[in-house]
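Okay, structure first, notes after.
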2 protein chains.
Amino acid sequence: MTLNEGGGLQLKELSERTGVPPASIKFYLREGLLPAGQAITATRARYSPQHASRLELIQALRRVVGLNIAQIRKLLKLADDGVPRLELLAAVQRTVLRLDEVGTEHGDIRTPAGDAVVRLRNWPDAPSDARNALNAHVALMDSLNIPVTTELLDAYSKALDTIADLDIAATTAPDDVNRLIMTAAVGMHMHSQLVLKLLAFAQASHAIRRYEDA
Amino acid sequence: MTLNEGGGLQLKELSERTGVPPASIKFYLREGLLPAGQAITATRARYSPQHASRLELIQALRRVVGLNIAQIRKLLKLADDGVPRLELLAAVQRTVLRLDEVGTEHGDIRTPAGDAVVRLRNWPDAPSDARNALNAHVALMDSLNIPVTTELLDAYSKALDTIADLDIAATTAPDDVNRLIMTAAVGMHMHSQLVLKLLAFAQASHAIRRYEDA
DNA sequence: CACCATTGGATAGTGGTTCTATCCTATGAC
DNA sequence: GTCATAGGATAGAACCACTATCCAATGGTG
């Protein structure tokens with residue numbers, strides 16, 4: 001077999017190993033999610049193990065995290081452009097936690113909740129996507145007549161401060177970019193869902209208590 | 001105008017007041033989200049203010065909370081069947097917080113995280129959707145090799161305990177069923193999103209600190 | 001009494017998303 | 001020489017939430 005010189009995979013083999021149908025691989029190729037294989041001849045192409053791990057990343061981002069094609073493309077482009085890790089992780093956070101899906105088009109944000117939280121928690125006073133998202137979200141809640149008091153922000157942020165500390169401490173960063181994104185994205189998604197489920201559980205438990213007492 | 005005897009609205013008027021196109025109203029009628037109007041004659045129908053508030057509820061559930069038609073239909077059916085409020089609110093929580101969207105089909109759940117949390121927080125030891133969802137989610141994280149230690153659960157649940165207490169205390173329940181669901185669903189959604197945004201902000205802040213210190 | 005608007009019901013079409021399938025030609029492998 | 005495969009193009013499927021069109025019946029209006 002001259003084909004597999006150098007350990008390269010053909011499209012069909014790539015498909016078999018990852019369980020992704022050839023037609024889907026071609027689709028990802030077309031959409032620019034998966035870089036073209038090395039055209040070894042005009043009708044043969046060779047895919048590297050990086051292609052396999054990229055494909056697994058795409059699958060995880062689609063099936064587990066639930067991102068759409070456009071979001072995945074943006075993230076992968078950043079990775080391929082070799083942006084600094086911190087920037088890459090910020091983009092992963094923004095995408096995975098849907099930080100840019102708020103109606104930020106409300107013009108100026110009149111609810112500087114971020115400022116309040118920064119003071120309350122003594123966090124560094126730096127701009128961030130998360131801070132903007134928070135401001136926009138609080139503004140949205142205001143417009144829906146759902147009050148967000150400073151006391152609420154204090155209690156929430158105090159609680160989440162301890163969680164975030166744990167999260168960041170537990171973070172390990174793999175060297176391979178595909179794995180880095182995979183770990184970060186899946187981890188963030190899973191942890192945020194865990195928080196939501198625990199919150200639901202907590203609320204349900206408190207509701208039961210109130211109901212029993214009454 | 002004999003039509004508006006009794007203050008009823010015609011479909012077109014209903015449309016004009018709520019801003020929902022007539023074709024969409026017909027669609028909701030077909031899908032069983034909106035009960036049929038009172039057929040005052042064979043070709044005239046009259047819609048009550050309840051129809052308007054129901055329509056507004058549907059809009060909020062779709063546009064703000066992001067539920068799909070099937071989910072909305074289930075919720076409204078419960079309301080129309082007159083199930084007890086606590087049960088209704090549990091269903092709202094399950095739907096809004098996507099408690100049933102985990103792969104609970106994994107057979108038996110081998111990670112009784114709920115038990116641990118119940119002990120740690122001294123919560124009532126009662127079954128709930130939230131508890132099941134938590135168990136399923138922790139099992140999923142286990143299967144993805146994302147460790148969920150008791151220490152993590154302790155810190156998370158402790159933090160969320162205080163938040164849930166605030167949330168439940170702040171809850172007011174309107175009498176009108178449509179408004180009840182609207183308030184509960186929008187409130188839960190907004191608060192959960194607030195938690196997520198604050199968590200993201202907290203993580204970003206901690207990351208900055210670490211980065212600066214290093 | 002003629003006509004216009006409106007109703008419920010049926011049916012079909014739209015636009016977006018993510019694939020999945022088919023067809024094609026070129027060409028390397030055996 | 002025959003077969004499998006590559007890339008490219010194109011089309012179709014399935015799902016979702018509408019949106020539009022057509023229809024016959026009929027009430028209200030002038």
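In what follows, chains are A, B, ... by sequence order, proteins preceding strands, each numbered from 1.
Across the protein-nucleic acid pair, B:I25 atom CD1 and C:dT7 atom C1' stand 13 Å apart, rounded to whole Å. One interatomic measurement links the two molecules: NZ of B:K26 to C1' of C:dG9, which rounds to 7 Å at whole-angstrom precision. Distance, A:L9 CG to D:dA4 C1': 17 Å, rounded to whole Å. Between the P atom of C:dG8 and the CD atom of B:Q38 lies a distance of 12 Å, rounded to the nearest Å. Whole-Å rounding puts the B:Q10 CD to C:dG8 P distance at 9 Å. Atom pair A:E13:CD and D:dA6:P shows a separation of 8 Å (rounding to whole Å applied). If you take CG of A:L14 and C1' of D:dG7, they are 15 Å apart, rounded to a whole angstrom. Following rounding to the nearest Å, B:R46 (CZ) and D:dG27 (C1') show an atom-to-atom distance of 13 Å.
Note on A:K12: only backbone sugar-phosphate atoms sit closer than 4.0 angstrom, heavy atoms only; bases stay farther off.
Considering CG of A:L11 and CD of A:E13, their distance stands at 10.0 Å, rounded to 0.5 Å. How far CZ of B:R30 is from OG of B:S24: 9.5 Å, rounded to the nearest 0.5 Å.
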Which atom pairs link the protein and nucleotides 11-20 of chain C when you take only N or O atoms and keep those under 3.5 Å?
| from | atom 1 | to | atom 2 | distance (Å) |
| --- | --- | --- | --- | --- |
| C:dT18 | OP1 | A:I69 | N | 3.3 |
| C:dC19 | OP1 | A:R63 | NH2 | 2.9 |
| C:dC19 | OP2 | A:Y28 | OH | 3.4 |
| C:dC19 | OP2 | A:R62 | NE | 2.6 |
| C:dC19 | O5' | A:Y28 | OH | 3.2 |
| C:dT20 | OP2 | A:S24 | OG | 2.7 |
| C:dT20 | O4 | A:R30 | NH2 | 3.1 |

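When only modelled atom types and interatomic distance are considered, A:D161 and A:Y156 share no side-chain donor-acceptor pair under 3.5 Å.
The phosphate of C:dT7 has neither OP1 nor OP2 within less than 4.0 Å of any side-chain N or O from B:Y47.
Here A:D80 pairs with A:R54 in a salt bridge; the nearest charged N to carboxylate O distance falls below 4.0 Å.
Remark: the A:R44 side chain and the D:dA4 base include a donor-acceptor N/O pair separated by less than 3.5 Å.
Here the shortest heavy-atom pairing between B:R85 and B:P174 reads NH1-O, 3.2 Å.
Side chains of A:M190 and A:V64 form a contact here, defined as non-hydrogen atoms less than 4.5 Å apart.
The aromatic rings of B:F201 and A:W123 sit perpendicular, their planes meeting at an angle over 60°, well past the 30° parallel limit.
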